[in-house]
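Along the sequence shown, the residues carry numbers beginning at 1. The figures here come from the full heavy-atom set of this structure, side chains too, leaving out hydrogens, waters and symmetry mates.
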Amino acid sequence: LVELRWSPFCFFLILVQSFQYAVAAQMFVMAAYLMPSGDSIANGTYTSVRDEWPNVPRIFVWTDSYDMISSAEFAGNLLFGVIPNLLSDRYGRRAVLVVVLYGIGIADIACALAPNFWTLIMARFLQGSFITAITSLNFVYVIESIDRNCRFFAYCAFGFFWMFGYCIVAPTALLIGSWRSILIVNGFFVLLCALLESFLVPESPYFCVALDDLDKLEEFVKTSQWFNRRSYNV
């Protein structure tokens, strides 16, 4: 890892993993643009969930059913959020992260294509089940895959992309004008990350050493050599 310090491969790993924080930030903030009436956003040119399905009956007397758009995500996170992190200690950071990314992509598509309000709620629950993993596994992966002297840059990158994802939701709502568009944009970014993670990102070297998996460790070395156009004595 010392030899990979500040190399193209090092920057690539930081970029791919930290960009996923932008996806996570969108997931956290998008509920603010799904629930309210569109009349309160973009001078009434925006269509929210409430506008598309204005007469959803109350399930609980003490709360509006539209509040479940946010609550369903956090319920999924509460019940299943920690499970991918536990599985990553057994099956690998990258392997579980790939499943998580595709899972979020499927949930985003299901939300965007939801034919009714309750399908949207179920898809939001699925979305929430993966949200903890996308904000933790990629961070752990980077810490295990780069030299410690590069970690400060990684921390800054994670913070920058979190802010980027948080801020991009409002322009998306203003420019495209529909709650479905927010989920489509998020799904596009998620699937892009999933493809990069699937084909260009090897398993964490620390995890490979911990499990004595020399084949995957060799794959990490070969991938770094391909990116950096040089060989390493290992």
Side-chain angles (χ1 to χ4, degrees), residues 1-28 82 84-105 130-168 185-234:
L1 296 184
V2 174
E3 291 192 50
L4 295 178
R5 184 188 304 168
W6 307 122
S7 67
F9 184 58
C10 173
F11 283 114
F12 170 75
L13 292 180
I14 293 173
L15 179 64
V16 170
Q17 304 300 338
S18 61
F19 186 78
Q20 293 169 34
Y21 259 46
V23 172
Q26 289 181 65
M27 292 167 63
F28 273 111
V82 72
N85 295 335
L86 298 175
L87 293 176
S88 73
D89 289 334
R90 182 178 180 87
Y91 298 105
R93 317 301 186 204
R94 172 194 166 276
V96 174
L97 190 53
V98 167
V99 174
V100 165
L101 289 168
Y102 281 114
I104 293 175
F130 296 113
I131 198 168
T132 294
I134 203 176
T135 55
S136 56
L137 286 183
N138 43 22
F139 186 83
V140 171
Y141 178 91
V142 166
I143 298 305
E144 293 182 347
S145 303
I146 65 175
D147 181 66
R148 62 182 181 179
N149 290 327
C150 301
R151 290 175 182 173
F152 175 76
F153 177 79
Y155 302 151
C156 293
F158 276 102
F160 171 81
F161 280 109
W162 177 271
M163 180 182 65
F164 172 76
Y166 199 92
C167 293
I168 200 175
V185 170
N186 186 260
F188 171 79
F189 286 142
V190 170
L191 293 177
L192 176 62
C193 292
L195 290 172
L196 291 173
E197 198 82 34
S198 298
F199 297 106
L200 295 177
V201 176
E203 184 55 81
S204 154
Y206 271 55
F207 180 81
C208 295
V209 171
L211 268 65
D212 197 25
D213 192 334
L214 299 183
D215 292 334
K216 289 185 179 179
L217 186 60
E218 184 180 4
E219 180 186 352
F220 181 90
V221 174
K222 288 182 177 179
T223 305
S224 67
Q225 290 178 155
W226 180 81
F227 263 93
N228 298 331
R229 298 296 188 266
R230 57 167 294 189
S231 59
Y232 300 97
N233 295 319
V234 290

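Between Ile143 and Tyr155 there is a side-chain heavy-atom pair separated by less than 4.5 Å. In this structure, Phe189 and Ile168 have side chains that are in contact, with non-hydrogen atoms separated by less than 4.5 Å. Looking at heavy atoms from C-beta onward, Val201 lies in side-chain contact with Leu13 at the 4.5 angstrom threshold. Using a 4.5 Å heavy-atom cutoff, the side chains of Phe19 and Cys193 are in contact.
Closest approach of Ile146 and Cys10 over heavy atoms only: CG2-SG, 3.9 Å. Across every non-hydrogen atom of Phe164 and Ala22, the tightest pair is CD2-CB, 4.0 Å.
Taking CG of Leu217 as the start and NZ of Lys222 as the end, the distance is 11.5 Å to the nearest 0.5 Å. Atoms CD and CG, on Glu203 and Asp215 in that order, are 13.0 Å from each other to the nearest 0.5 Å. Here the CD1-CG distance, from Ile14 to Asn138, works out to 12.5 Å after rounding to the nearest 0.5 Å. Atom CD of Gln26 sits about 10.5 Å away from atom CH2 of Trp162, to the nearest 0.5 Å.
Checked against the 6.0 Å centroid criterion, the rings of Phe9 and Phe220 qualify as a close aromatic pair. Aromatic ring centroids of Tyr21 and Phe158 lie under 6.0 Å apart.
With hydrogens and angles disregarded, no donor-acceptor distance shorter than 3.5 Å links the side chain of Ser145 to the backbone of Val142. Using modelled atom types, no side-chain atom of Arg93 and backbone atom of Asn85 make a donor-acceptor pair closer than 3.5 Å.
The pair Asp147-Arg151 does not meet the salt-bridge criterion, since no charged nitrogen lies less than 4.0 angstrom from a carboxylate oxygen.
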